[in-house]
Amino acid sequence: MARVLRQIDDEELERPFNKSQFIRLIRYMFPYKKQMIGSLILMVGASFCSLGQPFLMSRALGILEKVDGTTWRSLILLVVGMVILAGLGALFLRRRVLWMDISGRKAIAQLRQDLFDHIQGLSFSFFDTRSAGKILVRVINDVNSLNDLFTNGIVNVLVDCMNLVLLLVIMLAVNWKLTLISMCILPILLFIIFKLKREMRRRWQIVRMKTSSMNGYLHESLAGMRVTEAFVREEENLDTFKNVNNDIRNTWMRAIHINNAFWPALDVTGTIGTVLVYVFGVYFMQPVGVGMGQGLELANLMLILWYLGRFWEPLNNLSNFYNMLLTSMASMERIFEIMDTPPDVQDKEGAIPLPPITGRVNFEDVTFSYDPEKVILKNVSFEVEPGQTIALVGPTGAGKSTVVNLISRFYDVQGGAVKIDGYDVRDVQLHSLREQMGVMMQDSFIFSGTIMDNIRYGKLEATDEEVIEAAKAVHAHDFIMGMEKGYMTEVNERGSSLSVGQRQLISFARALLNDPKILILDEATSSIDTHTEILIQKALDVLLKGRTSFVIAHRLSTIRNADCIMVIQDGHIAEAGTHDELIKIPGGHYHALCDAQYRFINAE
């Protein structure tokens, strides 16, 4: 692992606003239009309750100079009115938060579901060029970062705009001169808000990038922990993590510094505006004709001051929404970048379901390459009859795995055709093709859960008895029953509590249970010990019987009984035949392979 952490989060700090993507994102809220409209109505009601309280307070202040019974009755009514408005406002806000939080969470869940569903349909080529940590950042961090936009931002921005208009109209109606004086500080306040908020957004984006990088690093480190301990890399990895952790802390502190500078600046400018209103308000309270006297009532002066205090809040909320929107653009683009990535391999228009197959496989002048500059297979042709076992041998990188990947249509050929029972694999639906195949790779992946569930993974409707029979056939039953809870034993992620041989035996049982017509074993027995190999050889007779099988292996014991052995060399089939036929070719590739293995065994 490199000392310097690779930057896996490659978002740009500055992105232009993408209107089409924003509309696309908002469509996830369309199923909840009723809740959004209801929340908007509740917010409007809460706003009127909030704005009504200062108005009632000012009226109470205006009648305090009267001390008769009517005055007290009026004061009591005003106080009761303020309490009612406060209660209604709290009720409206609580219901609005509940509706929007539920709706927003459902929309976020649907977005994450769609993203995961699309990722599952992407081709192998997508995963060949991206790390798992990078994809995790998209599915978890980027989707979560849109939560506030869904639950609060969209409705609140409409309400804040309405509040600004209402506040301005009421203040102008009370005293337009004092209102204009209070607004003279607005340009300075807007400059501070957008200047500091832009820098705040940039710094918090850096924090987010650093955090995403650490997530990727942690995923890579935890997945490779066995290698780390085997090579005694704990100290080096700890140093790297310390650097990453300190980097996050330092960027966090830089963001906090400017974040803490924003609120004092907002308070100072807001205080200046309030002082101006006080100063000119006192002059305006003088009788008409005296100095700057306008005959302004104390109640109206206090009403202006109270509403002025409320005026800065929606302005700040709008600036927050603006920055939230710009910050969310990075997440939106990263999410939709994946969702807009088309699978290289997908059903073409008019693809038909593949009917039940017998297992005949034809390669017709197949040409394929992962890299245009390096061709892996060059005009490869062969035919396999149903029920035959084909062994593929050759040097590393010759194209053995490519052959079986093309049969399963994990990749599409660039030239020629791969046909199964006469059907071009590109003309049939992927699901119908792969459900009739069984693939067992060298890295036998075991999911967290019970052994029973892992064997049943490819055939969920299988009964317990069928699972046990499949395990017995591949000689996995004995070691499974030797475990604490037998088939109900819980195994960890990737089967870390099992040996390599045990994981491969479980994978064999999984493949057998699925009863595929075409079976692919890609280096499936390469890591099995001698005792387990003997069991596997017995199981292979059952596993390969009655189905077309492709076996990639280096051990002669695994391939010598194959109906046909194909030696792949330099992108083409150099030799093909049975073991007895190929071993008789002096100087042949297969003959050389057998000699090399015999010399290795004798040397041991």
Side-chain angles (χ1 to χ4, degrees), residues 9 11 15 17-50 88-120 135-164 197 200-201 204-205 207-209 211-212 215 259 313-340:
D9 191 332
E11 70 176 352
R15 293 175 183 262
F17 180 76
N18 190 318
K19 181 181 177 182
S20 61
Q21 286 193 351
F22 180 70
I23 294 175
R24 181 179 177 184
L25 185 69
I26 295 303
R27 288 199 183 103
Y28 278 90
M29 293 297 293
F30 282 8
Y32 314 104
K33 288 182 289 188
K34 291 182 179 179
Q35 291 90 333
M36 290 184 67
I37 294 173
S39 297
L40 184 60
I41 293 173
L42 289 175
M43 283 297 292
V44 171
S47 295
F48 276 107
C49 290
S50 177
L88 286 175
L91 181 63
F92 291 159
L93 284 175
R94 184 179 183 279
R95 179 56 58 179
R96 194 276 305 177
V97 170
L98 180 63
W99 284 356
M100 285 307 299
D101 196 54
I102 293 175
S103 302
R105 286 293 180 181
K106 286 182 178 179
I108 286 288
Q110 187 60 53
L111 176 61
R112 184 179 283 113
Q113 182 71 35
D114 291 347
L115 179 59
F116 180 74
D117 184 55
H118 183 75
I119 289 174
Q120 284 200 120
I135 298 172
L136 281 174
V137 168
R138 302 295 196 273
V139 179
I140 299 175
N141 293 27
D142 287 326
V143 174
N144 285 344
S145 69
L146 300 176
N147 181 63
D148 284 341
L149 188 65
F150 277 138
T151 57
N152 294 313
I154 298 172
V155 170
N156 286 0
V157 70
L158 298 176
V159 175
D160 286 328
C161 290
M162 183 198 71
N163 282 343
L164 280 177
K197 282 299 182 70
M200 285 168 58
R201 178 180 68 89
W204 283 115
Q205 280 182 315
V207 171
R208 184 160 158 260
M209 288 175 62
T211 305
S212 296
N215 289 341
N259 195 76
E313 183 179 347
L315 270 182
N316 184 49
N317 291 341
L318 289 174
S319 70
N320 282 335
F321 176 79
Y322 171 76
N323 284 284
M324 179 199 307
L325 194 59
L326 292 180
T327 303
S328 299
M329 283 305 302
S331 296
M332 280 190 281
E333 290 193 8
R334 288 149 57 91
I335 291 169
F336 291 136
E337 175 193 1
I338 291 183
M339 295 182 70
D340 292 337

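Scope of the values below: all heavy atoms of this structure, side chains included, with no hydrogens, waters or symmetry mates.
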Calculate, to the nearest 0.5 Å, the distance between atoms [atom1] and [atom2] belonging to [X] and [Y] respectively.
{"X": "L111", "Y": "Q113", "atom1": "CG", "atom2": "CD", "answer": "10.5 Å"}
{"X": "L158", "Y": "S39", "atom1": "CG", "atom2": "OG", "answer": "11.5 Å"}
{"X": "S103", "Y": "F150", "atom1": "OG", "atom2": "CZ", "answer": "11.0 Å"}
{"X": "I135", "Y": "F116", "atom1": "CD1", "atom2": "CZ", "answer": "11.0 Å"}
{"X": "N144", "Y": "I108", "atom1": "CG", "atom2": "CD1", "answer": "7.0 Å"}

* Asked: What salt bridge (Lys or Arg N to Asp or Glu O under 4.0 Å) pairs are there with at least one residue in residues 27-41, not counting sequence neighbours?
  -> none
For [X], side chain to side chain contact (heavy atoms under 4.5 Å, CB included) partners two or more places apart:
{"X": "S50", "value": "R310"}
{"X": "I26", "value": "F22, F30, I154"}
{"X": "L98", "value": "R95, I102"}
{"X": "F48", "value": "V44, L166"}

* Asked: What residues form a salt bridge (charged side-chain N to carboxylate O under 4.0 Å, His left out) with D101, not counting sequence neighbours?
  -> none
Can you name the nearest heavy-atom pair linking [X] to [Y], along with the distance?
{"X": "G89", "Y": "A46", "answer": "O-CB, 4.1 Å"}
{"X": "V159", "Y": "S47", "answer": "CG1-OG, 3.2 Å"}
{"X": "Y28", "Y": "A107", "answer": "O-CB, 3.5 Å"}

* Asked: Distance-only, no hydrogens or angles: does the R96 side chain make a donor-acceptor pair with backbone N or O of L40 under 3.5 Å?
  -> no
* Asked: Looking at residues at least two apart in the chain, or sitting in another chain, which of them share a side chain to side chain donor-acceptor pair (under 3.5 Å) with Q110?
  -> D114
* Asked: What residues, two or more places apart in sequence or in another chain, satisfy side chain to side chain donor-acceptor pair (under 3.5 Å) together with R24?
  -> D340
* side chain to side chain contact (heavy atoms under 4.5 Å, CB included) partner of M100, the single match among Q35, M36, M43, R105 -> M36
Side-chain heavy atoms of [X] within contact of [Y], under 4.5 Å:
{"X": "M339", "Y": "I119", "value": "no"}
{"X": "M332", "Y": "D142", "value": "no"}
{"X": "Q21", "Y": "E337", "value": "no"}
{"X": "I335", "Y": "L146", "value": "yes"}

